[in-house]
Amino acid sequence: MAEKKIRVVIAKPGLDGHDRGAKVVARALRDAGMEVIYTGLRQTPEQIVDTAIQEDADAIGISILSGAHAYYFSKIIELLKERHAEDIIVFGGGVIPDTDIPALLEMGAGAIFGPGTPTTVCAEWLEKAVAEKRAKETV
């Protein structure tokens, strides 16, 4: 039986209308063999979580350039817990100050990728994180 492809939702929450980075990451993850669902601009945390659950996603990638990263990460992670979907991996990137990254990781983000991170680094991290998640699910 073929291994199930990684399914990832790439989301652009809030009013930030700059989606080039999100599209670059989405394309790179597709090129790495993953199934990618791009939600488009101006999504609410509820819409993002609904999409991830409906699409049976392994992960949600959040792209934020607006400075509202703490709010969106915490809200999305909280909603996943409320909906018993905390097994969905949350990661993100964008313009996020290095000083804010530890708090995001502490609240449950798996990884934060800053500007200039090679997309291969993101894809390799996600492949490993999903493999670890799936290994735990089969135990």
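Scope of the values below: all heavy atoms of this structure, side chains included, with no hydrogens, waters or symmetry mates.
Heavy atoms from other residues, nucleotides or ligands lying under 6.0 Å from CZ of Arg42 number more than 12.
Ile77 and Val8 fall into different hydrophobic clusters, where Ile, Leu, Val, Met, Phe, Trp and Tyr residues are linked whenever their side-chain heavy atoms come under 4.5 Å apart, directly or through other members. Residues Val90 and Leu126 do not share a hydrophobic cluster, defined by chaining ILVMFWY side chains whose heavy atoms lie under 4.5 Å apart. In the hydrophobic clustering of this structure, Leu104 groups with Leu79; members are Ile, Leu, Val, Met, Phe, Trp, Tyr whose side-chain heavy atoms approach within less than 4.5 Å, directly or through other members. In the hydrophobic clustering of ILVMFWY residues, with side-chain heavy atoms under 4.5 Å counting as a link, Tyr71 and Leu80 come out together.
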**OP:** Please report the C-alpha distance between Asp16 and Leu41 in whole Å, then the side-chain angles of each, then the deciding distance to 0.1 Å, and finally whether the side chain to side chain contact (heavy atoms under 4.5 Å, CB included) criterion is met.
**Re:** CA-CA 8 Å; Asp16 176 12; Leu41 293 169; over 6 Å; no
**OP:** Evaluate the criterion side chain to side chain contact (heavy atoms under 4.5 Å, CB included) for residue pair Ile37 and Gln54; output intermediate values, then yes/no.
**Re:** CA-CA 11 Å; Ile37 301 95; Gln54 289 168 4; over 6 Å; no
Original post:
Taking it one step at a time, do Asp19 and Tyr38 satisfy side chain to side chain contact (heavy atoms under 4.5 Å, CB included)?
Top reply: CA-CA 10 Å; Asp19 65 348; Tyr38 174 57; 3.1 Å; yes
**OP:** Show your working on side chain to side chain contact (heavy atoms under 4.5 Å, CB included) between Val25 and Phe113 and close with a plain yes or no.
**Re:** CA-CA 11 Å; Val25 170; Phe113 301 100; over 6 Å; no
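Atom CG in Leu105 sits 9.0 Å away from atom CZ in Phe73 (nearest 0.5 Å). Residue Arg30 holds its CZ atom at 10.5 Å from CD of Glu35, rounded to the nearest 0.5 Å. With rounding to the nearest 0.5 Å, the separation of CD1 in Ile10 from CD1 in Ile62 is 9.5 Å.
Using a 4.5 Å heavy-atom threshold, the side chains of Thr119 and Val24 count as touching. Counting heavy atoms from C-beta on, the side chains of Pro45 and Ile48 never come closer than 4.5 Å. Considering only heavy atoms from C-beta on, Met107 stays 4.5 Å or farther from Glu78 through its side chain.
Across all their heavy atoms, Ala52 and Ile88 have their closest contact at CB-CD1, 4.0 Å. Of all heavy-atom pairs spanning Pro13 and Tyr72, the tightest one is CB-CD2, 3.7 Å. Annotation for Ala109 and Ile112: closest pair CB-CD1, 4.2 Å, computed over non-hydrogen atoms. The shortest non-hydrogen separation linking Leu29 to Val36 is CB-CG2, 3.8 Å. Closest approach of Val9 to Ala57, counting heavy atoms only: CG2-CB, 3.9 Å. In this structure, Val130 and Ile6 approach most closely via the heavy-atom pair CG1-CG1, 3.8 Å.
Using a 4.0 Å cut-off between a side-chain N of Lys or Arg and a carboxylate O of Asp or Glu, Asp87 and Lys81 do not qualify as a salt bridge. Look at Lys133 and Asp58 and you find a salt bridge, because one of the NZ, NE, NH1 or NH2 atoms lies within 4.0 Å of a carboxylate O, short of that distance. Taking the charged nitrogens against the carboxylate oxygens, Asp50 and Arg83 do have a contact shorter than 4.0 Å, which makes a salt bridge. A salt bridge does not link Arg134 to Glu137: none of the charged side-chain nitrogens sits closer than 4.0 Å to a carboxylate oxygen.
The main-chain N or O of Glu55 is found under 3.5 Å from a side-chain atom of Arg7 such that the two form a donor-acceptor pair. Within the 3.5 Å criterion, the main-chain N or O of Ser63 finds a donor-acceptor partner in the side chain of Lys12. A side-chain donor-acceptor contact under 3.5 Å links Thr51 to the backbone of Gln47.
Using a 30° and 60° split on the angle between ring planes, Trp125 and Phe91 fall in the tilted class, from 30° to 60°.
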